[in-house]
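In the text below, chain A, chain B and the rest are named by the order of the sequence lines, each starting its count at 1.
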Amino acid sequence: MNTFYVTTPIYYPNSEPHAGNAYTTIAADVLARYHRLKGYEVCFLTGVDEHAANVFNAAKEEGLTPQEYCDKIAPTFVNLWERLNISHDIFFRTTSDIHKRGAQKFLNVLYENGDVYKAKYEGFYCISCEKFFAEKELTEDRICPDHKIPLQWLEEENYFFRLSKYADRLLTHFNDNPDFVYPETRRNELLSFLESGLQDVSISRASLSWGIPFPFDPEHIIYIWIEALSNYITALGYETDGEQFQTFWPADVHMMGKDITRFHALLWPAMLMAADIPLPKHIVGHGWLTKDGEALSKTRGIFIDMDSDIATYGVDAFRYYLLREFSFGNDGDYRPSRLHERYNADLANDLGNLLNRVLGLLNKNFDAIPEPTTPGEFDDEIKTLAHDTLETFDSHMQTFAYDIALETIWEFVRRINRYVQQTQVWTLAKPETKPRMGTILYNSLEALRFISALIFPFIPDTADKIQRQIGSTDSDYTLEWGRLKAGKKVAKGEPIFPRVDLKKEKPPQKTGKTKSEEQPKQGKTDLISFTEFQRMDFRVGRIISAEPIQGADRLLKLIVDIGTEKRQVVAGIAEHYPTDSLIGKQVIVVVNLEPATIRNVESHGMVLAASGDSVVLTTPETEVPLGTQVR
RNA sequence: GCCGGUGUAGCUCAGUGGUAGAGCGCACGACUCAUAAUCGUGUGGUCCGGAGUUCAACUCUCCGCACCGGCACCA
């Protein structure tokens with residue numbers, strides 16, 4: 001039997017799942033359902049990546065242990081997947097024993113194969129910052145600019161993976177397998193990155209406590225990405241070379257957002273090469289969702305209100321919209337108004353109404369599904385189109401072109417509406433034409449059965465509803481024309497997609513959850529003393545000139561008057577403020593920051609700005625004298 | 001700054017060296033079985049701008065503009 005193994009990334013459970021997670025997971029679910037329908041033995045893996053630093057921090061904020069925190073959040077993912085009708089076979093948690101042991105075995109194999117080595121990180125280190133300082137960051141007196149304490153010369157042992165060794169083999173693999181990475185633009189980006197060479201990567205962290213220790217050196221924790229990637233094999237029982245691992249590996253598709261394709265397409269394959277494990281077949285990186293043209297942002301409160309849209313249109317409409325509207329590799333702009341249009345036009349009018357009208361006619365004129373005794377005009381065309389549709393549909397599914405695959409189905413749906421129209425079925429109830437009427441209705445119902453099979457991977461509830469309404473007790477999703485059994489009684493059911501009238505829509509309600517998402521979480525981790533705070537010297541200044549810096553898109557050279565003197569400061573705000581708009585603005589400047597040279601321009605201080613998805617300068621509420629201290 | 005992509009109808013997007021396409025929207029008509037549904041017809045475009053190659057350019061080449069992405073960079 002053919003097998004199919006599809007995965008989503010394991011998501012960070014540092015907060016509840018969002019629409020981006022849902023998009024990835026639905027896309028993977030479609031593949032899983034599609035292949036099951038095709039008779040493949042399928043394994044669909046999803047889960048959570050629990051040993052992340054941000055999970056550790058989120059737990060700390062709530063006063064929970066990381067494990068307690070994970071135990072609390074993990075179910076919110078499972079719940080959402082249930083609501084979205086996700087048919088995963090495994091929901092995997094990286095705090096599970098099977099993962100811990102598997103990850104350790106994986107590291108051991110890499111180690112034994114000689115691709116893990118220990119090397120010193122050495123340099124000046126600040127114990128308060130817990131970080132090394134690069135050469136260029138050092139001042140003459142070697143004092144931490146943040147903590148004003150002497151830096152220490154420290155040598156820390158770290159483990160490295162010989163990623164560089166695999167650059168050539170990866171390049172060969174990319175060239176030999178043009179469809180290794182989807183979409184092509186992403187593949188090209190990775191290729192050019194690859195051609196510029198790869199550096200070995202650090203795969204251990206000595207300073208963290210939340211994670212999985214190295215098997216051969218328990219002092220070190222396995223770096224999160226290395227550990228996370230290994231979940232794709234540990235979940236299958238890599239550790240014991242289990243049956244599932246033997247059956248399903250290598251994965252057919254690793255599905256993910258475009259931001260993490262590099263880890264999956266370069267680092268992960270290299271590690272697998274090092275461990276002598278076959279590579280996954282496809283890495284698929286989809287685009288990001290925006291909302292009404294704006295990037296999603298927790299801090300700015302821009303998010304997709306799945307709860308509200310699902311409540312209005314249903315889960316299937318939500319799934320349908322996500323996959324029909326957007327070209328899969330590109331970013332997609334989520335617009336509730338478009339969802340509404342899609343719902344009414346495609347689902348309610350084209351499909352829902354077709355089912356309803358055919359069943360209505362059948363019910364009015366026949367006791368049961370009639371035999372197709374009387375072939376006539378268009379019948380062959382419909383049958384041929386059914387099979388052509390299937391063929392075209394399949395080819396688009398092979399290239400993850402969900403939108404075109406669905407459009408292909410809908411061309412068939414529209415053709416059936418036309419069939420009903422062209423044949424004028426409703427006029428054929430007279431005794432002499434009734435056999436023909438029965439045949440047309442049979443064909444229409446069979447077309448609907450066929451359609452239900454095609455749409456099943458995308459909108460499974462709808463497919464089931466259609467099957468039930470056309471009298472199929474055991475759903476028959478076989479994609480062969482003519483399987484519908486005549487003689488069955490059929491009752492006209494409720495419309496499967498009742499039209500939604502926008503005027504009756506209630507204004508979007510703010511739920512409690514909404515509010516919490518709108519509030520920025522404080523990413524606070526460490527407390528500083530008041531004395532430490534006092535060391536920082538913030539002053540009000542006025543920007544008196546601003547000009548771009550050659551060769552740096554984001555940087556501006558500012559001259560700021562801070563009352564006692566004029567300072568030259570480099571600021572990374574070029575993309576957010578035209579230079580002219582800055583002149584005369586009052587800003588807050590960190591004046592006792594050590595000087596730095598950026599792009600050959602000296603910077604004596606720092607201009608403060610709120611830096612999230614947008615960058616907004618902090619400015620006194622009203623004009624104040626230059627040089628005023630801020631505290 | 002380097003690399004790549006995109007720019008086509010009001011909206012979302014296909015597409016080809018030879019008279020511009022689909023869906024939605026809009027207008028009109030047909031039908032009255034159906035969820036104010038369906039079907040048909042129509043409306044609608046300097047195919048970003050400029051130059052070049054060609055008998056012929058929306059398509060190929062070059063230059064420019066705008067937007068998007070990757071890398072560098074963000075004191």
Trainee: OP1 or OP2 of B:C71 versus the side-chain N and O atoms of A:Arg262: is any pair under 4.0 Å?
Mentor: yes
Trainee: Could you state the atom-to-atom distance from CG of A:Asn188 to C1' of B:C2 in whole Å?
Mentor: 16 Å
Trainee: Using atom P in both nucleotides, what's the gap between B:C60 and B:G10 to the nearest angstrom?
Mentor: 23 Å
Trainee: Who are the side chain to side chain contact (heavy atoms under 4.5 Å, CB included) partners of A:Arg338, not counting sequence neighbours?
Mentor: A:Tyr321, A:Glu325, A:Arg335, A:Glu341, A:Arg342
Trainee: Grab the CG-P distance between A:Asp259 and B:C71 for me, whole Å please.
Mentor: 10 Å
Trainee: In whole Å, what separates the C1' atom of B:A75 from that of B:U12?
Mentor: 43 Å
Trainee: Considering only B:U38, B:C71, B:G69, which nucleotide approaches the side chain of A:Phe193 most closely?
Mentor: B:C71
Trainee: Measure from the side chain of A:Leu555, starting at C-beta and using heavy atoms only, and say which of B:C24, B:C73, B:U35 lies closest.
Mentor: B:C73
Trainee: Quick check, are the ring centers of A:His286 and A:Tyr23 under 6.0 angstrom apart?
Mentor: yes
Trainee: Using the P atom as the reference point in each nucleotide, state the distance between B:U43 and B:U35 in Å, no decimals.
Mentor: 33 Å
Trainee: Output the rounded distance in Å from CZ (A:Arg186) to P (B:C68).
Mentor: 15 Å
Trainee: Now, which nucleotide makes the Watson-Crick or G-U wobble pair with B:C31, with each of the two distances under 3.5 Å?
Mentor: none
Trainee: Could you check A:Glu341 against A:Glu325 and say which one's nearest nucleotide on RNA chain B is further toward the 5' end?
Mentor: A:Glu325
Trainee: Can you tell me the pairing partner of B:U59 across any strand shown, Watson-Crick or G-U wobble, with both distances under 3.5 angstrom?
Mentor: none
Trainee: Using the P atom as the point on both nucleotides, what is the distance between B:C63 and B:C68, in whole Å?
Mentor: 22 Å
Trainee: How long is the line joining CD of A:Gln469 and P of B:A34, in whole Å?
Mentor: 15 Å
Trainee: Among residues 414-440 of chain A, which residues get a heavy atom nearer than 4.0 Å to RNA chain B?
Mentor: A:Arg414, A:Asn417, A:Arg418, A:Gln421, A:Trp426
Trainee: Counting Watson-Crick and G-U wobble pairs only, both distances under 3.5 Å, name the nucleotide matched with B:G17, or none.
Mentor: none
Trainee: If you look at every strand shown and take non-hydrogen atoms under 4.0 Å, does A:Gly287 touch a base, only sugar-phosphate, or nothing?
Mentor: nothing
Trainee: Distance check needed: B:A37 P versus A:Tyr343 OH, whole Å only.
Mentor: 13 Å
Trainee: What class does the angle between the rings of A:Tyr182 and A:Phe400 fall in, given that below 30° is parallel, 30 to 60° is tilted and above 60° is perpendicular?
Mentor: perpendicular
Trainee: Atom CG in A:Leu171, atom CG in A:Leu194: separation rounded to 0.5 Å?
Mentor: 5.0 Å
Trainee: State which of B:U38, B:G70, B:U35 makes the closest approach to the side chain of A:Ile496.
Mentor: B:U35
Trainee: What contact category does A:Phe497 fall into here, base, sugar-phosphate, or nothing, at under 4.0 angstrom with non-hydrogen atoms?
Mentor: base
Trainee: Check the phosphate of B:A37 against A:Arg499, side-chain N and O only, distance under 4.0 Å to OP1 or OP2. Yes or no?
Mentor: yes
Trainee: Please give the distance between the C1' atoms of B:C48 and B:C67 as a whole number of Å.
Mentor: 11 Å
Trainee: What is the distance, to the nearest angstrom, from the CG atom on A:Leu339 to the P atom on B:U12?
Mentor: 16 Å
Trainee: Nearest of B:C33, B:U35, B:G70 to any side-chain atom of A:Ala348?
Mentor: B:U35
Trainee: Classify the side-chain pair A:Glu602/A:His604 by whether it contains a donor and acceptor separated by less than 3.5 Å.
Mentor: yes
Trainee: With a 4.0 Å cut-off on heavy atoms, is A:Val570 in touch with a base, just the backbone sugar-phosphate, or nothing at all?
Mentor: sugar-phosphate
Trainee: Rounded to the nearest Å, what distance is computed from the CD atom of residue A:Glu184 to the P atom of nucleotide B:C3?
Mentor: 19 Å
Trainee: Quick one: is A:Asn349 getting a side-chain N or O under 4.0 Å of the B:U38 phosphate, OP1 or OP2?
Mentor: yes
Trainee: Rounding to the closest angstrom, what is the interatomic distance between B:U6 and B:C13 at atom P?
Mentor: 14 Å
Trainee: Which residues pass the ring-ring contact (aromatic ring centres under 6.0 Å, His included) test with A:Tyr343, not counting sequence neighbours?
Mentor: A:Tyr313, A:Phe497
Trainee: Taking pairing as Watson-Crick or G-U wobble with both contacts under 3.5 Å, can you name the mate of B:C2, or confirm there isn't one?
Mentor: B:G70
Trainee: Let's test this: given Watson-Crick or G-U wobble pairing with both distances under 3.5 Å, identify the partner of B:G45.
Mentor: none
Trainee: Is the closest basic N to carboxylate O distance between A:Arg414 and A:Asp350 below 4.0 Å?
Mentor: yes
Trainee: Charged N to carboxylate O below 4.0 Å: is that the case for A:Glu432 and A:Lys434?
Mentor: no
Trainee: Hunt down the Watson-Crick or G-U wobble partner of B:U54, both distances under 3.5 Å, from any strand shown, or write none.
Mentor: none
Trainee: Could you check A:Phe326, A:Trp410, A:Tyr402 and say which one makes a ring pair (Phe, Tyr, Trp, His ring centres under 6.0 Å) with A:Tyr320?
Mentor: A:Trp410
Trainee: Below the 4.0 Å mark, does B:G70 have OP1 or OP2 next to a side-chain nitrogen or oxygen of A:Lys258?
Mentor: no
Trainee: What interatomic distance, in whole Å, is found between P of B:G42 and the corresponding atom of B:G49?
Mentor: 28 Å
Trainee: The side chain of A:Asn353 is closest to which nucleotide in this list: B:U38, B:C24, B:C33?
Mentor: B:U38
Trainee: Heavy atoms only, 4.0 Å cut-off, all strands: where does A:Asp403 land among base, sugar-phosphate and nothing?
Mentor: nothing
Trainee: Considering every strand shown, what is the Watson-Crick or G-U wobble mate of B:A36 when both distances are under 3.5 Å?
Mentor: none
Trainee: Answer yes if the side chains of A:Thr619 and A:Gln586 hold a donor-acceptor pair under 3.5 Å, and no otherwise.
Mentor: no
Trainee: Write down the distance separating the P atoms in B:G23 and B:U59, rounded off to the nearest Å.
Mentor: 26 Å
Trainee: Could you check how far OH of A:Tyr402 sits from P of B:U12, rounded to whole Å?
Mentor: 24 Å
Trainee: Is there a donor-acceptor contact under 3.5 Å linking the side chains of A:Asn349 and A:Arg499?
Mentor: yes
Trainee: Given that both distances must come in under 3.5 Å, which nucleotide forms a Watson-Crick or G-U wobble pair with B:G23?
Mentor: B:C11
